[in-house]
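Okay, structure first, notes after.
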Amino acid sequence: SRLTSALRASGRMGVGGQVLMQEDVHEFWQVLCDKVETELKGSENELMLTKLFQGKQCYSVTCCECGHTSHTDDVFEDLKLPMLAESQGHALGSG
């Protein structure tokens, strides 16, 4: 893939930082993206993460009294999705 190739070309596959530091997946992803963006700055692949992962979510709110609808665009690089607790559904990977 282009991302893997760009990381190998930069000579830095690791995220860096403290090995013993505990992070959740979202924190790790943010650190990884920050490091990759830093490494790719000034290269032909500088905008690769933006092209791969950036999106736009459109929100609209309509007033119940006058019917006016306002629209707002929100740019994001990751989505936070709700997950069912194990007691509410199948455990991850079991189904």
Exercise. Without swapping roles, check the side chain of Glu46 against the backbone of Gly42 for a donor-acceptor pair under 3.5 Å.
Key: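 Between the backbone of Gly42 and the side chain of Glu46 there is a qualifying donor-acceptor contact (under 3.5 Å).
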Quiz item: Do the side chains of Leu52 and Leu32 join up, straight or via other hydrophobic residues, at under 4.5 Å, putting them in one cluster?
Solution: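 Cluster IDs for Leu52 and Leu32 match.
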Practice problem: Please round to the nearest 0.5 Å and tell me the distance separating atom CD of Gln30 and atom NZ of Lys35. | Solution: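 Between Gln30 CD and Lys35 NZ, I get 13.5 Å after rounding to 0.5 Å.
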Quiz item: Between atom CG of Leu47 and atom NZ of Lys41, what is the distance when rounded to the nearest 0.5 Å?
Solution: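 Here the rounded value is 9.5 Å.
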Quiz item: Can you list the other members of the hydrophobic cluster that holds Val61, where links are side-chain heavy atoms under 4.5 angstrom apart?
Solution: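 Cluster partners of Val61: none, it stands alone.
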Exercise. List in chain and number order the residues that pass side chain to side chain donor-acceptor pair (under 3.5 Å) with Ser60, two or more places apart in sequence or in another chain; answer none if no residue qualifies.
Key: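 Residues passing side chain to side chain donor-acceptor pair (under 3.5 Å) with Ser60: none at all.
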Practice problem: Identify the two heavy atoms, one from Asn45 and one from Leu40, that lie closest to each other, and give their separation to 0.1 Å. | Solution: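 Between these two residues, the closest heavy atoms are O-CD1, 3.6 Å.
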Practice problem: For Cys33 and Leu49, work out which heavy atoms get closest and say how close. | Solution: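 Cys33 and Leu49 have their closest heavy atoms at O-CD1, 3.7 Å.
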